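Owing to the predicted nature of the structure, the values given are computational and were not obtained by experimental measurement. Here is how names work: the chains are called A, B, and so on, in the same order as the sequence lines, proteins then strands, and each is numbered from 1.
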There are 2 protein chains.
Amino acid sequence: MLDKLEYLLALSRERHFGHAAEACGVTQPTLSAGIKQLEETLGALLVQRGSRFIGFTAEGERTLDWARRIVGDSRAMREEISALRHGLTGQLRIAAIPTALAMVAQLTTPYRARHPEVRFTVLSRTSVEILTLLENLEIDAGVTYLDNEPLGRVNAVPLYQERYQLLTSPDAPLGNRDRVTWKEVSEVPLCLLTPDMQNRRIIDGLLRGAGGSAQPTLESDSMIVLFAHVRTGRWASVMPARLAETLGLTATIRAIPIVEPEAVHTIGLVVPPREPLTPLAAALVAEAKRLVATTDP
Amino acid sequence: MLDKLEYLLALSRERHFGHAAEACGVTQPTLSAGIKQLEETLGALLVQRGSRFIGFTAEGERTLDWARRIVGDSRAMREEISALRHGLTGQLRIAAIPTALAMVAQLTTPYRARHPEVRFTVLSRTSVEILTLLENLEIDAGVTYLDNEPLGRVNAVPLYQERYQLLTSPDAPLGNRDRVTWKEVSEVPLCLLTPDMQNRRIIDGLLRGAGGSAQPTLESDSMIVLFAHVRTGRWASVMPARLAETLGLTATIRAIPIVEPEAVHTIGLVVPPREPLTPLAAALVAEAKRLVATTDP
DNA sequence: TCAGAACGATAGAAATTTTCAATCGATGGA
DNA sequence: TCCATCGATTGAAAATTTCTATCGTTCTGA
């Protein structure tokens, strides 16, 4: 029965019987039969059948909610019992928005010192994707914006405040300034994240609010790409202050605070709203709290 | 896997492999193998093995916690999906302390009017047993004391206040009084519940507090037995006021309030601390809230 | 309009798992 | 010491699950 619920979860992720089957490591007929059996035991159609996958019925959506919960709990059980005997082991899957990727190391490093047997997977994802992945039990935790856009059902631990700086060469226009306004930034050609990223939407909003508009010369979904360009001294970008520090400022780049308004957004750790958490996730939350306790005051 | 967790729950109830197997409708080797398989997948011993069942290991106890939760959720899922299509159906299992048994009708009657397809099982149990049954998913709800003794992990809805009266013949000593004290009651031979009942312990406490002690001429675990004796006009008892009213006072019995102190205990509906509840249990909670809303103000 | 591809359902054979009856070994009480 | 009880073990039978192969629909694009 538990495996059938896993099938249902896979189907909701993939929206395709064949792909879901592959994700579960079974053949498509097996998954089809599993779903059908689930429908029979529950006495209700769960999937809208057409010539292909259409969607779930109302009963299917409710069952999905339960499946997430039950499957999540059964994994947490396995993890917890294993942790009782062998300490924390296994895979901890984290997804972070690109601007927060660098700070993940500040969580994983002390985590690993405490629990050397844990292996990490860190994915770069948009804030929207992170919430979906969390819902579907595909990651254990995320690092994303806590304010701004709707967050959905998660538990959150604030980590730090994101403030924005113009990264540019000292020789470029504005390069000699101590601070610049968003209005001024809006007139510079920038390297920015793609518009599906929340950071980009935030910056777009700030630029529009200053009466300008974003004119990105270059877009990417990778901060490395943006930073590499800025580092040549021939491009400019807007980045969170912490990120710029982490990546390392050189003689070719200056980081200039952007004011009017001095925008601030909160980044935090998000975990499923399950109680209790899996031991792996709980340890990450503990690490996050430790981190803010040592840096904040 | 889910069925193995059911085996584990049965084993914790029965504390006996053979009985647990019978309760699950399988043979003893099947249950033994199921438990063993659970131990293998979790990688830990769950049951302390001697020549017979001894108890659970620490890992076993944690697994039991999870099993209760997971099995409970999977039942709730089935129930909820069934309710979406056919309305509320199935069995609602309630246990109540003897002094509250009569009031259960005030919950089940409006419940049945609303959901005619639901069948009820109402058991008479001690307050301690009710909590165990709730824990082990053997009942859906209980009616018991909310104050006084430790309640454990449950959600509670207060139903009413229990106040105590002396039930006795008008001809008996104290039979002509408008009120009596606990001190006075302590000198009368009484019909009382057995000492495993919390109501009895409460009354014992009140009598001791008044400097007396209980001298029951007759003990029973059934209120019907007590009431039948009182009704002959030749015995006396102490009962909650509501119960006495429900059972019906006749010319042969007077119900006399007992004061000094005027003791009050809260009776309430208790359900598992699961969120969300099963639809059957949720409907009972709704009924309970409706009941107090119409009687209290 | 039609060929081809994609999708999910179905059928039947094969493999795996589950279950049970029978029995064993150990333990504890009479 | 004997006997009853308990849980583990074994091997055969039964049930189930899974897979391969294939079918019928429904789109897509020429």
Side-chain angles (χ1 to χ4, degrees), chain A residues 1-61 63-64 67 70-71 74 77-78 136, chain B residues 1-61 63-64 67 70-71 74 77-78 136:
Chain A
M1 190 86 291
L2 268 175
D3 46 351
K4 312 300 163 58
L5 293 179
E6 302 249 21
Y7 293 172
L8 198 70
L9 289 182
L11 187 56
S12 94
R13 284 199 298 273
E14 309 284 346
R15 303 187 71 77
H16 183 294
F17 278 72
H19 298 168
E22 195 181 7
C24 295
V26 297
T27 57
Q28 170 261 318
T30 300
L31 188 128
S32 279
I35 299 287
K36 172 175 277 186
Q37 187 187 325
L38 203 55
E39 292 183 320
E40 271 161 20
T41 58
L42 293 177
L45 277 183
L46 302 178
V47 178
Q48 285 175 10
R49 315 300 179 91
S51 68
R52 55 191 58 209
F53 179 88
I54 298 178
F56 294 96
T57 63
E59 289 88 350
E61 293 289 351
T63 307
L64 261 175
I70 293 170
V71 169
S74 82
M77 174 179 73
R78 274 182 253 272
N136 290 328
Chain B
M1 191 85 290
L2 268 175
D3 46 351
K4 314 298 163 56
L5 293 178
E6 302 250 21
Y7 293 172
L8 198 72
L9 289 182
L11 186 56
S12 95
R13 284 199 298 271
E14 309 284 345
R15 304 185 69 79
H16 184 291
F17 279 70
H19 298 169
E22 195 179 8
C24 294
V26 296
T27 57
Q28 172 261 318
T30 299
L31 189 128
S32 279
I35 299 287
K36 171 174 278 187
Q37 188 186 326
L38 203 54
E39 292 182 320
E40 272 162 20
T41 58
L42 294 178
L45 278 184
L46 302 178
V47 179
Q48 285 175 10
R49 316 301 179 93
S51 67
R52 56 190 59 209
F53 179 87
I54 298 177
F56 293 96
T57 63
E59 289 87 350
E61 293 288 352
T63 307
L64 261 175
I70 293 170
V71 169
S74 81
M77 173 178 73
R78 276 182 251 271
N136 290 327

Euclidean distance, atom [atom1] of residue [X] to atom [atom2] of [N] [Å, nearest integer]:
X	N	atom1	atom2	answer
A:E6	D:dT17	CD	P	16 Å
B:I54	D:dA8	CD1	P	11 Å
B:H19	D:dT5	NE2	P	10 Å
A:Q28	D:dT20	CD	P	12 Å
A:F53	D:dC27	CZ	C1'	18 Å
A:D3	D:dT17	CG	C1'	10 Å
A:F17	D:dG24	CZ	P	20 Å
B:L46	D:dG7	CG	P	16 Å

Measure the acute angle between the ring planes of A:H16 and A:H19, then classify it against the limits of 30° and 60° as parallel, tilted or perpendicular.
parallel
Taking all heavy atoms of A:L8 and all of A:L64, pick out the closest pair and write down the distance.
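In terms of heavy atoms, the two residues are closest at O-CD2, 3.9 Å.
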So, is [X] close to the [N] phosphate, meaning a side-chain N or O under 4.0 Å from OP1 or OP2?
X	N	value
B:T30	C:dT18	no
B:T27	C:dC20	yes
B:S32	D:dA8	yes
A:H16	C:dG8	yes
A:K36	C:dG8	no

Judged by atom type as modelled, is there a donor-acceptor pair below 3.5 Å linking the side chain of A:T57 to the main-chain atoms of A:Q48?
no
DNA chain D: A:Q37 or B:P29, which has the more 5' nearest nucleotide?
B:P29
Please determine whether the number of non-hydrogen atoms from other residues, nucleotides or ligands lying under 6.0 Å from atom CD of B:E14 exceeds 12.
yes
Of all the nucleotides listed (D:dA8, D:dT18, C:dT18), which has the minimum atom distance to the side chain of B:K4?
C:dT18
Is a side-chain donor-acceptor pair under 3.5 Å present for B:T63 with B:E59?
no
